[in-house]
Amino acid sequence: MREYNVNINGIDVNAKYSETTINTVFLPLLQRLTDMQKKKDGRILVMLAAPPGAGKSTLSSFLEALSKEQDDICNVQAIGMDGFHRRQEYLLSHDTERDGKTIKMVEIKGAPITFDLEKLTEAVKRVASGETCGWPSYDRHLHNPVEDTYTVSEKIVILEGNYLLLNEDGWRDLRNYADYTIRITATEDFLRNRLIDRKAKSGNTLEKATAFVDFSDMANVRICLNDSLDADMTFSLDENDDYKAL
């Protein structure tokens with residue numbers, strides 16, 4: 001078992017990946033992407049889509065680190081779509097509908113409507129074109145994006161996010177810019193427990209974290225599980241936090 005410690009959006013994460021999964025799933029995937037990049041002779045954009053709590057940010061970061069350990073594999077750069085959350089002040093001042101009630105957008109932060117899809121699409125186009133460009137991050141303690149945190153420069157870029165394969169108008173167009181797509185699935189109960197733990201670690205009481213997850217996050221989990229397009233490769237996340245290729 002390989003331990004991997006990383007800070008994701010301001011939260012320290014300790015992940016573990018089995019050597020079997022690394023050798024039979026992750027390394028063959030990185031080799032496939034390397035072969036694609038060599039054949040294209042240009043940047044490869046990989047979109048990794050998964051519901052909240054499925055560990056997509058940590059996994060993509062681990063794949064980046066793993067790629068740098070292998071001499072025969074092209075370096076990977078991992079980036080995320082969380083930096084395209086609308087700013088907190090916007091979410092606090094704009095309304096939306098949920099279950100027939102008018103609420104502030106901030107109450108369902110993380111839903112598709114709370115992202116700036118137009119801004120994300122333009123940024124994805126730049127990355128897909130091979131341009132060296134800035135990329136934002138999201139800080140869970142600040143509750144806001146941080147512009148140009150990273151510079152996208154590698155030949156293989158993994159973009160992770162909840163809705164990159166969402167089968168809805170506007171969102172489904174993102175797939176057109178991907179050279180390869182990956183999707184992660186898991187059970188609702190498993191994801192709920194993970195999300196409550198994560199929300200509590202960001203400074204909320206367990207009661208408040210549970211209420212937010214049940215009202216907001218779980219709706220987004222169901223959207224991702226039920227309304228996503230098929231991917232070139234699909235992983236399932238089991239109760240042991242291990243990924244299996246389907």
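Keep in mind that this is a model prediction, so the values were computed, not measured.
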message = side chain to side chain contact (heavy atoms under 4.5 Å, CB included), that's the test. Do Arg198 and Leu195 meet it? Break it down for me.
response = CA-CA 5 Å; Arg198 186 176 75 183; Leu195 287 164; 3.3 Å; yes
Cluster question for you: counting only ILVMFWY and a side-chain heavy-atom cut-off of under 4.5 Å, with indirect links fine, are [X] and [Y] together?
{"X": "Tyr138", "Y": "Val157", "value": "no"}
{"X": "Ile223", "Y": "Met47", "value": "yes"}
{"X": "Met36", "Y": "Leu27", "value": "yes"}
{"X": "Val76", "Y": "Ile182", "value": "yes"}
{"X": "Val124", "Y": "Leu164", "value": "yes"}

Evaluate the side-chain proximity of [Y] to [X]: yes if any heavy-atom separation is below 4.5 Å, no if none is.
{"X": "Gln31", "Y": "Asp35", "value": "yes"}
{"X": "Asn162", "Y": "Lys56", "value": "yes"}
{"X": "Leu191", "Y": "Glu188", "value": "no"}
{"X": "Glu89", "Y": "Asn144", "value": "yes"}
{"X": "Val13", "Y": "Tyr4", "value": "no"}
{"X": "Leu206", "Y": "Thr210", "value": "yes"}
{"X": "Tyr243", "Y": "Ser236", "value": "no"}
{"X": "Leu117", "Y": "Leu174", "value": "yes"}

Does the [X] side chain pair with the main chain of [Y], one donor and one acceptor, at a distance under 3.5 Å?
{"X": "Asp232", "Y": "Thr181", "result": "yes"}
{"X": "Tyr177", "Y": "Arg126", "result": "no"}
{"X": "Asp179", "Y": "Leu45", "result": "yes"}
{"X": "Thr132", "Y": "Ser153", "result": "no"}
{"X": "Lys155", "Y": "Thr34", "result": "no"}
{"X": "Trp135", "Y": "Gly80", "result": "yes"}
{"X": "Arg43", "Y": "Glu131", "result": "yes"}
{"X": "Gln77", "Y": "Thr151", "result": "yes"}
{"X": "Ser228", "Y": "Cys224", "result": "yes"}
{"X": "Asp242", "Y": "Asp238", "result": "no"}

May I ask you to say whether [X] pairs ionically with [Y], meaning some side-chain N is under 4.0 Å from a carboxylate O?
{"X": "Arg175", "Y": "Asp173", "value": "no"}
{"X": "Lys16", "Y": "Asp241", "value": "no"}
{"X": "Lys119", "Y": "Glu147", "value": "yes"}
{"X": "Asp116", "Y": "Arg87", "value": "no"}
{"X": "Arg194", "Y": "Glu239", "value": "no"}
{"X": "Glu97", "Y": "Lys101", "value": "no"}

Shortest non-hydrogen contact between [X] and [Y], atoms and distance:
{"X": "Asn204", "Y": "Lys199", "answer": "ND2-O, 3.0 Å"}
{"X": "Trp171", "Y": "Pro112", "answer": "CZ2-O, 3.5 Å"}
{"X": "Ser216", "Y": "Ile108", "answer": "OG-CA, 3.3 Å"}
{"X": "Gln37", "Y": "Ile44", "answer": "CA-CG1, 3.4 Å"}
{"X": "Val127", "Y": "Ile79", "answer": "CG2-CD1, 4.5 Å"}
{"X": "Leu229", "Y": "Arg183", "answer": "O-CD, 3.9 Å"}

message = Below 30° counts as parallel, above 60° as perpendicular, anything between as tilted: where do the rings of Phe115 and His85 land?
response = tilted
ask   = Run the side chain to side chain contact (heavy atoms under 4.5 Å, CB included) check on Val106 and Lys104 step by step: do they pass?
value = CA-CA 5 Å; Val106 72; Lys104 295 295 181 185; 4.0 Å; yes
message = Under the criterion side chain to side chain contact (heavy atoms under 4.5 Å, CB included), I'd like the reasoning laid out for Ile158 against Tyr180: C-alpha separation, chi angles, the key distance, then a yes or no.
response = CA-CA 9 Å; Ile158 297 180; Tyr180 195 79; over 6 Å; no
Report the distance from atom [atom1] of [X] to atom [atom2] of [Y], rounding to the nearest 0.5 Å.
{"X": "Met1", "Y": "Glu19", "atom1": "CE", "atom2": "CD", "answer": "9.0 Å"}
{"X": "Leu33", "Y": "Met233", "atom1": "CG", "atom2": "CE", "answer": "9.0 Å"}
{"X": "Ser57", "Y": "Asp82", "atom1": "OG", "atom2": "CG", "answer": "5.5 Å"}
{"X": "Lys208", "Y": "Ile196", "atom1": "NZ", "atom2": "CD1", "answer": "15.0 Å"}
{"X": "Ile156", "Y": "Leu30", "atom1": "CD1", "atom2": "CG", "answer": "7.5 Å"}
{"X": "Leu48", "Y": "Ile184", "atom1": "CG", "atom2": "CD1", "answer": "4.5 Å"}

query = Which is it for Phe235 and Lys244 under the side chain to side chain contact (heavy atoms under 4.5 Å, CB included) test, yes or no, and what are the steps along the way?
reply = CA-CA 5 Å; Phe235 295 151; Lys244 305 294 183 184; over 6 Å; no
Whether over 12 other heavy atoms sit under 6.0 Å from [X] [atom1]:
{"X": "Tyr150", "atom1": "OH", "value": "no"}
{"X": "Asp189", "atom1": "CG", "value": "no"}
{"X": "Asn14", "atom1": "CG", "value": "yes"}
{"X": "Lys40", "atom1": "NZ", "value": "yes"}
{"X": "Glu207", "atom1": "CD", "value": "no"}

task = Would you kindly say whether Asn167 and Asp227 are connected by a side-chain donor-acceptor distance under 3.5 Å?
result = no
query = Taking atom types as modelled and ignoring hydrogens, do the side chains of Thr21 and Ser18 form a donor-acceptor contact shorter than 3.5 angstrom?
reply = yes
request  = Let me see the working for Lys125 and Glu122 under salt bridge (Lys or Arg N to Asp or Glu O under 4.0 Å), right down to the final yes or no.
outcome  = CA-CA 5 Å; Lys125 288 180 181 179; Glu122 289 305 309; 3.3 Å; yes
task = Apply salt bridge (Lys or Arg N to Asp or Glu O under 4.0 Å) to the pair Asp169 and Arg172, showing each step before the final yes or no.
result = CA-CA 6 Å; Asp169 289 347; Arg172 70 171 67 91; 2.7 Å; yes
ask   = Does the ring of Phe215 carry Arg98 above it, NZ/CZ under 6.0 angstrom from centre and within 45° of its axis?
value = yes
